[in-house]
Protein chains: 2
Amino acid sequence: MKKTSIKDIAKLSGVSIATVSRVINNNGRFSEETRKKILDVIEETGYQMNFSAKSLRMNKSFSVGILVPDISNYFFSDVVQKIEEELFELGYSTIICNTGRNIEKETAYLNMLRSKLVDGIIVISGVDEFVFHYDDIPYICIDREPLKKEKTIFISSNHYQGAFEATESLINNGCKHPAILMYDRQSSSAKERFKGYKDALKKNNISYNESSHLLLSGLEENFTENLQAFLERTDQVDSFFAVNDTLAMKLFSSLKELGEKIPEDFKIIGFDDSPLAHYSSPTLSSVKQNTDKIAQLTVKNLIDFISSGKIINYQTILVPVELVVRNSSLNN
Amino acid sequence: MKKTSIKDIAKLSGVSIATVSRVINNNGRFSEETRKKILDVIEETGYQMNFSAKSLRMNKSFSVGILVPDISNYFFSDVVQKIEEELFELGYSTIICNTGRNIEKETAYLNMLRSKLVDGIIVISGVDEFVFHYDDIPYICIDREPLKKEKTIFISSNHYQGAFEATESLINNGCKHPAILMYDRQSSSAKERFKGYKDALKKNNISYNESSHLLLSGLEENFTENLQAFLERTDQVDSFFAVNDTLAMKLFSSLKELGEKIPEDFKIIGFDDSPLAHYSSPTLSSVKQNTDKIAQLTVKNLIDFISSGKIINYQTILVPVELVVRNSSLNN
DNA sequence: TTGTACGCGTTATCAT
DNA sequence: ATGATAACGCGTACAA
């Protein structure tokens, strides 16, 4: 059985296609009588508009694409989920694209999205600088500084502020030598956090020294050995600002392996305020990103962009973060 | 500037639309010469097929929808990510729909997906029994037992096996009274786990008694008090099988609050083998679901279903799970 | 207030 | 091997 189309509705209602269309979209004029009749028939038949036809006709797909490095990461899944919710309310569906930080997959996705006539694209984070090839499709960057910052909208947490406050909080709790633990790869957010960390040191008259302050690492197996070597090389270290909660937890388990106690021997602050932070022992101090705000701003700006056809005002929006202090960075 | 269409390509190549279409889709015959020419022009103009037109014509959208309760849950995001990857390889894009366990949102999404002519739908979990209203669109259920099991494909971890092994592992490690901690809501997977737990008790001659074996809970604030009351009511409890890792972590922190030690005073095993399990202290024993396998089976079956237009063989596929023993359930 | 007719970009059928 | 053309479902300019 074929699906009912607008033509069927017209026939069943005894009116023309045009009238049905007008009623459905509530534009043009029509009598209350015909409106009722048509709506009845629609109800009855379970008619649903064909999006492909509508898209083709209107050159608009009512869907937006989201490029995200890794949906199983807490911060990403959290923002994506919230964005998706807001967009759904507005009648948009969301095509989520996991790029796995792979530049080719990113490009392939971008092409597919364009091909599908998505009305807009949201790009979340990623390692490399982002070159957007198409100038005919609205997009917004979250957490990843675009190349032509002055020609786009860029929304991000204030990573600098978060790192600064975290570091200073360690210092205020008596730490003399806070180290920073971060990944090898350099996202724009990581850079900001690094800057915030260093500036906090500087403000408190602690001179930064790469070999004794910076521990680069991934989640590799031999992390504990790296950590041990680092601690031996620079035995004044008394605390860590970890660039995210996962790294902080890695630190937890490795330090414990080495027989160290948290927070007695080492104080630690993480970033993201993921569920990990609530359940670890000790509970983990962490910088909380305001994903609600980020999602809301993103959707609003994108939709404005889409419907006006141009960016109202190019801008960089920095969303404040909040340091949540728990046991891992407290005295006693 | 308008986007280049197949018509433009035809004009620029000096051939007809039909020929261009044939070259693009590699069907019908054409000379190598014209093929080259057309491909050149396509390359040059950066032409991209219009999916809306193609969908309209072919009545196929090259996209599938995924209904998922909560993408920020580890297991869900993990499967979804893997499914999305496989589908992408096959030229499908994935529309992810967060239902938040809300039945109305679920229905709304279902309608939207149908409206967008998705070629198939994947339904992951959820609390209620699932009634699929449309019989004209292929779908597969993961982790949520569909109502008409004999008329669909149902793919799920062997929750029963996992719970059974987890419980028996506790018993083999000397536990005399393993309790189960689970949510209030009753998903089909929860029911299976519950059954596995009870059967393991039975096999080991431990008689199950609701008030001293079953602790129902969410993540509410007063969990610690509930736990305390439970432990006082039934002071033989020496271990817990938690129905997922998040609950297990909640147990960790509440037990510690009560001054209890893990695994000395209580042994604990969780479910999902989420990252939490690796980083907690002690590390958490947990049942690992084979998300790779689940994703792979799901995509294969769905694609078969889509391309053949019918289900080859209705079936329920149970994917084995694996108990990963860590410190939280070991002696010493 | 309502109807007619065209076009969106593509694929597929039927000619040539 | 290639071209002309109908059809997919919808919105809208124009006519009535």
Side-chain angles (χ1 to χ4, degrees), chain A residues 1-39 41-42 45-63 91 111-112 114-119 136, chain B residues 1-39 41-42 45-63 91 111-112 114-119 136:
Chain A
M1 192 189 81
K2 243 172 80 306
K3 253 200 297 225
T4 59
S5 79
I6 201 172
K7 200 187 289 183
D8 305 321
I9 304 297
K11 198 166 293 176
L12 289 171
S13 315
V15 298
S16 77
I17 296 180
T19 306
V20 177
S21 174
R22 276 189 285 258
V23 167
I24 289 175
N25 299 299
N26 241 321
N27 65 17
R29 306 196 87 62
F30 39 81
S31 74
E32 177 58 20
E33 191 176 14
T34 52
R35 199 188 69 92
K36 263 238 157 62
K37 177 64 186 162
I38 290 173
L39 256 36
V41 176
I42 287 179
T45 54
Y47 162 78
Q48 284 180 259
M49 171 207 34
N50 181 323
F51 256 103
S52 300
K54 185 174 188 149
S55 295
L56 178 59
R57 179 63 232 257
M58 302 185 56
N59 200 32
K60 187 166 168 24
S61 66
F62 306 96
S63 53
N111 286 335
M112 180 196 245
R114 184 182 153 87
S115 207
K116 293 222 167 168
L117 296 180
V118 291
D119 301 323
D136 57 351
Chain B
M1 192 188 80
K2 241 171 84 300
K3 250 199 297 225
T4 58
S5 79
I6 200 173
K7 201 186 290 184
D8 304 322
I9 303 297
K11 198 165 296 176
L12 288 171
S13 316
V15 296
S16 76
I17 296 179
T19 306
V20 176
S21 175
R22 276 189 285 259
V23 167
I24 289 175
N25 299 298
N26 239 322
N27 64 18
R29 306 195 87 61
F30 39 80
S31 74
E32 178 58 21
E33 190 178 15
T34 52
R35 199 188 69 92
K36 263 239 157 63
K37 176 66 187 161
I38 291 174
L39 256 36
V41 176
I42 287 179
T45 54
Y47 161 80
Q48 284 181 259
M49 170 209 32
N50 182 323
F51 255 104
S52 300
K54 185 176 189 151
S55 294
L56 177 59
R57 179 60 231 246
M58 301 185 58
N59 200 34
K60 187 163 169 24
S61 66
F62 306 95
S63 54
N111 287 335
M112 181 196 244
R114 185 181 151 86
S115 208
K116 293 222 167 169
L117 296 181
V118 291
D119 302 321
D136 56 352

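Here the structure is a predicted model, which means the values were calculated and not measured. Naming convention: chains lettered A, B, ... in sequence-line order (proteins, then strands); numbering from 1 in each chain.
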*Rounded to whole angstroms, how far apart are CG on A/N59 and C1' on D/dG9?*
16 Å
*Is atom CD of A/E32 surrounded by more than 12 heavy atoms (other residues, nucleotides or ligands) closer than 6.0 Å?*
yes
*May I ask you to evaluate whether A/K54 reaches the phosphate of D/dG11, defined as a side-chain N or O under 4.0 Å from OP1 or OP2?*
yes
*Starting at CD1 of A/I9, measure out to CE of A/M49 and round the result to the nearest 0.5 Å.*
12.5 Å
*Gap between atoms CG and P, on B/L117 and D/dC8 respectively (whole Å)*: 14 Å
*Taking CD from B/E32 and P from D/dA1, how many angstroms apart are they, rounded to a whole number?*
12 Å
_Quick one: does any side-chain atom of B/S61 pair with a main-chain N or O of B/S55 as donor and acceptor, under 3.5 Å?_
no
N/O to N/O distances under 3.5 Å, protein versus nucleotides 3-7 of chain C:
from: C/dG3; atom 1: OP2; to: A/S16; atom 2: N; distance (Å): 2.8
from: C/dG3; atom 1: OP2; to: A/S16; atom 2: OG; distance (Å): 3.2
from: C/dG3; atom 1: OP2; to: A/T19; atom 2: OG1; distance (Å): 2.9
from: C/dG3; atom 1: N7; to: A/R22; atom 2: NH2; distance (Å): 2.8
from: C/dG3; atom 1: O6; to: A/R22; atom 2: NH1; distance (Å): 3.1
from: C/dG7; atom 1: N2; to: A/R57; atom 2: NE; distance (Å): 3.4
from: C/dG7; atom 1: N2; to: A/R57; atom 2: NH1; distance (Å): 3.2

_Nearest to the A/Y47 side chain among D/dG11, D/dC8, D/dC10, which nucleotide is it?_
D/dC10
_If I take atom CE in residue B/M58 and atom P in nucleotide C/dG9, what distance separates them, rounded to the nearest angstrom?_
18 Å
*Let me know the distance between NZ of A/K60 and P of D/dC10, rounded to the nearest Å.*
18 Å
*How do B/S31 and A/L56 order along DNA chain D: which one's closest nucleotide is nearer the 5' end?*
B/S31
*Find the distance A/N50:CG to C/dC8:C1' and express it as a whole number of Å.*
13 Å
_Sequence-distant partners of B/T45, side-chain hydrogen bond (donor to acceptor under 3.5 Å, both in side chains), two or more places apart_ = none
*Answer with yes or no whether the side chains of A/S16 and A/T19 bring together a donor and an acceptor at under 3.5 Å.*
yes
*Any idea which of D/dC10, D/dT12, C/dG9 is nearest the A/M49 side chain?*
D/dC10
*Atom CG of A/N27 to atom C1' of D/dG11: distance rounded to whole Å?*
8 Å
*Under 4.0 Å between a side-chain N/O of B/T34 and OP1 or OP2 of D/dT2, yes or no?*
yes
*CG on B/L117 to CD on A/Q48, rounded to 0.5 Å*: 9.5 Å
*Rounded distance (Å) that lies between atom P of D/dG9 and atom NZ of A/K3*: 10 Å
*More than 12 heavy atoms from other groups under 6.0 Å of NZ on A/K60*: yes
